[in-house]
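Since the structure comes first, as structure tokens, the remarks are kept for the end.
Heavy atoms only: backbone and side chains are in, while hydrogens, waters and symmetry mates are out. Reminder, nothing fancy here: chain letters follow the sequence lines and each chain counts from 1.
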Protein chains: 2
Amino acid sequence: MKVREAEPSKRRLKDDVFEQFARIGKAVASPKRLELLDILCQGPRTVERLAELTQISVANSSQHLQILRAARLVEAEKHGLFVQYCLAEGVETFYLGLRGLAERRLAEVEVATRSYLGEREAMEPVGGGELLQRALSGQVTVLDVRPAEEYRAGHLPYARSIPLSELHLRLGELPRDRDVVAYCRGPYCVFAIEAVKALRSAGFSALRLESGPPDWRAAGLPLVAES
Amino acid sequence: MKVREAEPSKRRLKDDVFEQFARIGKAVASPKRLELLDILCQGPRTVERLAELTQISVANSSQHLQILRAARLVEAEKHGLFVQYCLAEGVETFYLGLRGLAERRLAEVEVATRSYLGEREAMEPVGGGELLQRALSGQVTVLDVRPAEEYRAGHLPYARSIPLSELHLRLGELPRDRDVVAYCRGPYCVFAIEAVKALRSAGFSALRLESGPPDWRAAGLPLVAES
DNA sequence: CTTATATTCAATTGATTTCTTGAATATAGG
DNA sequence: CCTATATTCAAGAAATCAATTGAATATAAG
């Protein structure tokens, strides 16, 4: 084993630098932390909410969030008794890049999602720009089926909010003379799939938009937030 | 601790999906693996060369490379007795995104590099486009001081190759009537800094271009490769 | 076939990481 | 001040990971 000695100070520099880079890597090396980032792409959340959504204990959630914060991927803001966590700037883009790379490179992800979601491939007929045109001209109803708080944090123009949990009670609000396009958090969220299922069995012509607010934001589309 | 049970199959789906995403994360959670990716941004390398450049044992290097390969971040190709590793498609962009995020978010990186590199801030006066203009019109000499093999794998148009190790012997080749702009692998490589130091003490008016081929490739600039 | 070389495999050790549990801190309201 | 609640801290057990070592493959050349 020959070890050719480079100048030691250069080696120390490199070690330092890549050690820093790896802090980001380590932060996204845990499935639970990635799920936290995914949720935070939808908007700020409290520790307890995040724990609930990821189904881990509050203490564990807090610990993960602090690791993310140490890597400067999220920021915390204390509001009275609660602590709101939100994504730091530029992190959404990075996360989407990671997700995109995973989707393209890891066939297993495809397999996993398809096998669970099943109907997925039949449900992305509408592109973003085209959708807007059709919504604008009244040809389709755009439906945001995420929880109301996420709708308020940012939604497609012309989209109306009916959270999936209330959908079966509020079907009457939807005009029956045009298509409904439902969307939720993005390709790995099942809300819109369930919504389309429910709408179709209620006699609506319903489609699912596969992408979600994080994707649109990354693509530069203008989203509407309630004040 | 209240655990609100969501539908268990959805949870399993999410766990699977984020587990897959985390494979990418885990792959970039080690400083040495990031350094390997960084080097591979410059072009394909053999296992032994990578071990040498990162100053780890060959066995260890091979192990890291196999982790990267399992995450589909690199690809291996056997040429006779040697195995060439190269970046998979889309990975360079991802790596640069990670690096960029680290630079913006982790002040410590700045501190570490500045404290070692010292002169760094005084050495990036030329932007990419402007440089090309000036090189084209013969106002400056563009000098690639990386090892010759990296030059061959892709370099700036109008750049000439003089590896740092040969620079002191080949100073005579450079015209003295114009500025020299030296570049190497990118902001975390010390070659160009050393080259500028040497050139200046030999009486040249020398500048350092901070960015490197991976950055330019990401920015869509056309690079020249020897056939 | 034998030898030399590049790479990989396998087993071990010590270090990190994750999750859990129970306690500690901080804040709002009575 | 006292209580309830949201969050964080601290310590420990189990799992995972990184680096080392020595052996095992595979390929080219003699």
Return the CD1 to CG distance between A:Ile39 and A:Leu34, rounded to the nearest 0.5 Å.
11.0 Å
When you measure from the side chain of A:Ser62, which nucleotide among D:dT7, D:dT21, C:dT20 comes out closest?
D:dT7
Using atom CG of B:Leu65 as one end and atom P of C:dA6 as the other, report the distance to the nearest whole Å.
16 Å
Per A:Glu48 side chain, nearest of listed nucleotides C:dT20, D:dT7, D:dT21
D:dT7
When you check the gap from the basic side-chain N to the acidic O, do B:Glu92 and B:Arg99 get nearer than 4.0 Å?
no
Separation of D:dT7 P from A:Glu52 CD (nearest whole Å):
11 Å
Rounded to whole Å, how long is the line connecting atom CZ of B:Arg49 with atom P of C:dT7?
12 Å
Between CG of A:Leu101 and CZ of B:Phe21, what distance do you get to the nearest 0.5 Å?
10.5 Å
When you compare the protein's N or O atoms with those of nucleotides 15-18 of chain D, which come within less than 3.5 Å of each other, and at what distance?
{"residue": "D:dA18", "atom": "OP1", "partner": "B:Arg33", "partner atom": "NH1", "Å": "3.3"}
{"residue": "D:dA18", "atom": "OP1", "partner": "B:Arg33", "partner atom": "NH2", "Å": "2.9"}

What one-letter contact string describes nucleotides 23-30 of chain D from 5' to 3', where B marks a base within less than 4.0 Å of any protein heavy atom, S marks contact via sugar-phosphate atoms alone, and - marks no contact?
---SBS--
What integer distance in Å separates B:Glu77:CD from C:dA6:P?
19 Å
Is the backbone N or O of B:Pro163 less than 3.5 Å from a side-chain atom of B:Tyr151, with the two atoms forming a donor-acceptor pair by type?
no
Should A:Arg49 and A:Glu52 count as an ion pair when the cut-off is N to O under 4.0 Å?
yes
Backbone N/O of A:Arg185 and side chain of A:Gln42: donor-acceptor pair under 3.5 Å:
yes
Please work out whether the ring planes of B:Phe94 and A:Phe94 are parallel, tilted or perpendicular, with thresholds of 30° and 60°.
parallel
Do A:Lys32 and A:Asp38 sit within salt-bridge range, that is, some charged N less than 4.0 Å from a carboxylate O?
no
Starting at the 5' end of DNA chain D, which residue's closest nucleotide do you reach first, A:Phe82 or A:Gln66?
A:Phe82
Figure out the CG/C1' separation between A:Leu68 and D:dT8, and round it to whole Å.
16 Å
Name the closest nucleotide to the A:Ala59 side chain, picking from D:dT8, C:dT7, D:dT21.
D:dT8
I need the CG-P distance between A:Leu36 and C:dC19, as an integer number of Å.
10 Å
Rounding to a whole Å, what distance do you find between B:Glu35:CD and D:dA19:C1'?
15 Å
Indicate whether OP1 or OP2 belonging to D:dA6 is found under 4.0 Å from a side-chain N or O atom of A:Tyr85.
no
A:Glu19 and A:Arg23 ion-paired at < 4.0 Å:
no
